[in-house]
> 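Attaching a single structure in structure tokens format; questions to follow.
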Amino acid sequence: MAGSVSNAKSLAQWLRENGFEEETVARMSRRCKNLHSLDAGEASGVWDYLLTSVKIERRRLRHVVAKCPKVLTLPVDGKLVPTVQCLATLQAKPGEVAQAIAKFPQILFHSVEEKLCPLLAFFQTLGVSEKQLAKLLMVNPRLISYSIEAKFSQMVDFLVGLGIDKEGMIGKILTKEPYIMGYSVDKRLRPTTEFLKLEVGLQEPDLKRVIMSFPDILSRDVDKILRPNLAFLRSCGFSKGQVMALVAGYPPVLIKSVKHCLEPRIKFLVEEMGRDMGEVVDYPQFFRHGLKRSLEYRHKVLKQNNSSCSLSEMLDCNQKKFAMKFGLVAAV
């Protein structure tokens with residue numbers, strides 16, 4: 001008993017020396033009971049390996065350990081080294097393994113070797129290459145903890161049910177938005193899809209295009225984000241058909257901040273530019289352009305030069321092409 005107490009005190013002292021506050025140390029001890037039997041030497045070995053070999057920045061490593069103190073109990077040679085080496089074989093770029101561990105330190109507890117082969121085989125059937133899978137894991141390392149049967153297969157079946165081709169297209173969706181795989185099909189993705197079909201009015205071809213071009217929309221909360229944005233667009237006077245065209249043409253219109261993005265742009269369009277709101281239906285990408293850097297600046301230049309054009313002619317080009325198009329080279 002005395003030895004255990006001594007070890008605990010030694011570890012607590014070591015943690016304080018490495019920048020952990022008393023309150024944090026106490027919280028870590030409650031979160032991981034095994035810390036009581038760990039001595040400072042073992043913890044130091046893990047810390048030094050993650051700091052010097054994996055190259056996790058010290059401040060970030062402190063955050064990782066505070067969030068997941070169980071990391072300090074892992075054997076360096078028996079667990080950490082082989083796991084990190086396995087992750088490094090995924091053609092990861094320098095620093096990506098460190099970033100993945102910092103995002104999801106629990107990745108170190110999984111048998112990466114046993115998980116990777118089945119994952120690779122599954123994703124290859126979807127047209128996802130080993131290199132793409134590596135990128136997925138580095139961006140969203142939590143994927144390693146998901147079950148193929150309970151999680152991935154269910155999502156694939158859901159997307160196939162929407163008419164999205166199983167080979168190739170689904171792989172593109174998953175690589176474009178890796179975090180979508182963390183959401184529940186029944187609690188999030190299906191309700192969002194039903195909203196897009198029933199309330200927005202998207203038909204299958206447009207729905208598929210929206211999901212393919214902007215899969216992130218599936219993971220957004222209907223009541224907190226999508227429905228308020230839809231209500232705002234309708235309050236502006238857009239008809240149901242026009243709203244459908246806006247969403248089909250620029251899906252992020254349903255997730256952009258009403259207060260900071262949609263409302264000020266609509267106001268500027270009507271009050272400052274003197275244009276009809278219907279013009280954005282023909283060019284929904286209007287909402288992706290910066291208010292000050294793009295809209296205000298280009299409108300000012302056109303007004304000064306007494307030039308007129310459509311929204312797409314005004315905005316669908318970079319600054320240099322805009323200047324050349326309207327003979328305003330001196331304005332750039």
Side-chain angles (χ1 to χ4, degrees), residues 31-32 50 54 56 63-64 67-71 73-74 79-80 82-93 95-162 164-194 211-212 214-222 225 255:
R31 189 174 294 174
C32 180
L50 294 175
V54 182
I56 301 178
H63 175 72
V64 168
K67 182 173 66 173
C68 185
K70 190 179 176 182
V71 165
T73 69
L74 293 173
K79 182 61 179 173
L80 286 180
T83 300
V84 170
Q85 287 178 343
C86 186
L87 289 172
T89 63
L90 291 173
Q91 302 176 353
K93 296 178 182 177
E96 284 187 333
V97 172
Q99 291 174 12
I101 294 172
K103 286 180 184 177
F104 185 63
Q106 291 84 350
I107 195 173
L108 296 171
F109 303 113
H110 290 275
S111 177
V112 180
E113 302 94 327
E114 294 177 10
K115 280 273 193 173
L116 277 180
C117 289
L119 267 182
L120 182 58
F122 177 80
F123 277 99
Q124 282 180 334
T125 65
L126 303 176
V128 178
S129 67
E130 183 175 345
K131 187 174 182 180
Q132 287 174 316
L133 176 58
K135 184 177 179 181
L136 283 174
L137 282 173
M138 293 301 105
V139 172
N140 185 13
R142 194 177 293 270
L143 295 178
I144 203 78
S145 67
Y146 296 153
S147 162
I148 291 177
E149 293 75 19
K151 198 77 170 174
F152 297 133
S153 294
Q154 186 183 19
M155 174 161 291
V156 169
D157 292 342
F158 168 73
L159 293 173
V160 170
L162 295 178
I164 297 174
D165 179 35
K166 187 174 181 179
E167 293 186 10
M169 292 175 68
I170 293 178
K172 289 178 181 178
I173 289 174
L174 301 184
T175 52
K176 186 175 286 188
E177 180 45 49
Y179 292 103
I180 196 175
M181 289 174 276
Y183 290 91
S184 165
V185 168
D186 293 328
K187 293 181 180 179
R188 179 58 60 88
L189 306 188
R190 200 182 307 279
T192 302
T193 303
E194 291 303 306
I211 294 173
M212 283 297 299
F214 192 66
D216 185 38
I217 198 170
L218 288 179
S219 62
R220 299 309 175 103
D221 188 280
V222 170
I225 300 175
I255 70 168

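These values consider heavy atoms only, across backbone and side chains, with no hydrogens, waters or symmetry-generated copies.
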> Name all residues meeting the side chain to side chain contact (heavy atoms under 4.5 Å, CB included) criterion together with S184; count only those two or more places apart in sequence or in a different chain, and write none if there are none.
D186, K187

> I need the minimum non-hydrogen distance between L126 and V156, along with the two atoms involved.
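The pair with the smallest heavy-atom distance is CD1-CG2, 3.8 Å.
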
> At what distance, to the nearest 0.5 angstrom, does CE of M155 lie from CD1 of I148?
14.0 Å

> Considering all heavy atoms of both residues, which atom of V139 and which atom of P178 are nearest to each other, and what is their separation?
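Minimum heavy-atom contact is CG1-CG, 4.0 Å.
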
> Atom NZ of residue position K103 - does it have more than 12 heavy atoms of other residues, nucleotides or ligands inside 6.0 Å?
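Yes, enclosed.
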
> Looking at V222 and T192, what are the two nearest heavy atoms and their distance?
CG2-CA, 3.7 Å

> Does K115 have any side chain to side chain contact (heavy atoms under 4.5 Å, CB included) partners at least two apart in sequence or in another chain, and if so, which?
H110, I144

> Within the 4.5 Å heavy-atom criterion, are L218 and I173 side-chain neighbours or not?
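L218 does not reach I173 side chain to side chain.
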
> Apply salt bridge (Lys or Arg N to Asp or Glu O under 4.0 Å) to R220 and list each qualifying residue two or more places apart in sequence or on a separate chain.
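By the salt bridge (Lys or Arg N to Asp or Glu O under 4.0 Å) rule, R220 matches D216.
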
> Can any side-chain N or O of K176 pair as donor or acceptor with the backbone N or O of F214 at less than 3.5 Å?
no

> Mind checking ring pair (Phe, Tyr, Trp, His ring centres under 6.0 Å) for F123 and listing every partner two or more places apart, or none if nothing turns up?
F152

> If the condition is salt bridge (Lys or Arg N to Asp or Glu O under 4.0 Å), which residues does R31 pass it with, not counting sequence neighbours?
none

> Which residues satisfy the side chain to side chain contact (heavy atoms under 4.5 Å, CB included) test with Q106, sequence neighbours excluded?
C68, F104, F109

> From I101 CD1 over to L80 CG, what is the distance, rounded to the nearest 0.5 angstrom?
8.0 Å

> Are any of the side-chain heavy atoms of R188 and D221 separated by less than 4.5 Å?
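R188 reaches D221 side chain to side chain.
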
> More than 12 non-hydrogen atoms from neighbouring residues, nucleotides or ligands closer than 6.0 Å to NZ on K70, yes or no?
no

> If I compare all heavy atoms of A100 with all of P141, which pair ends up nearest, and what's the gap?
O-CG, 3.3 Å

> Should L50 and V71 count as side-chain neighbours, where that means a heavy-atom distance under 4.5 Å?
yes

> With rounding to the nearest 0.5 Å, note down the distance linking CE in M138 to CD1 in I107.
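Spacing of CE (M138) from CD1 (I107) equals 6.0 Å.
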
> Where do P105 and A102 come nearest, in terms of heavy atoms and distance?
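The answer is CD-O, 3.9 Å.
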
> With rounding to the nearest 0.5 angstrom, report the CD1 to OG1 distance, I180 to T175.
11.0 Å

> Quick one: closest heavy-atom pair of T73 and C32, and the distance?
CG2-SG, 4.2 Å

> Could you tell me the separation between the OG1 atom of T83 and the CG atom of L108, rounded to the nearest 0.5 Å?
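Result: 6.5 Å between the selected atoms.
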
> Apply side chain to side chain contact (heavy atoms under 4.5 Å, CB included) to the pair D157 and V185, showing each step before the final yes or no.
CA-CA 10 Å; D157 292 342; V185 168; over 6 Å; no

> Rounded to the nearest 0.5 Å, what separates atom CD in Q124 from atom CD in Q132?
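Reported to 0.5 Å precision, the distance equals 10.5 Å.
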
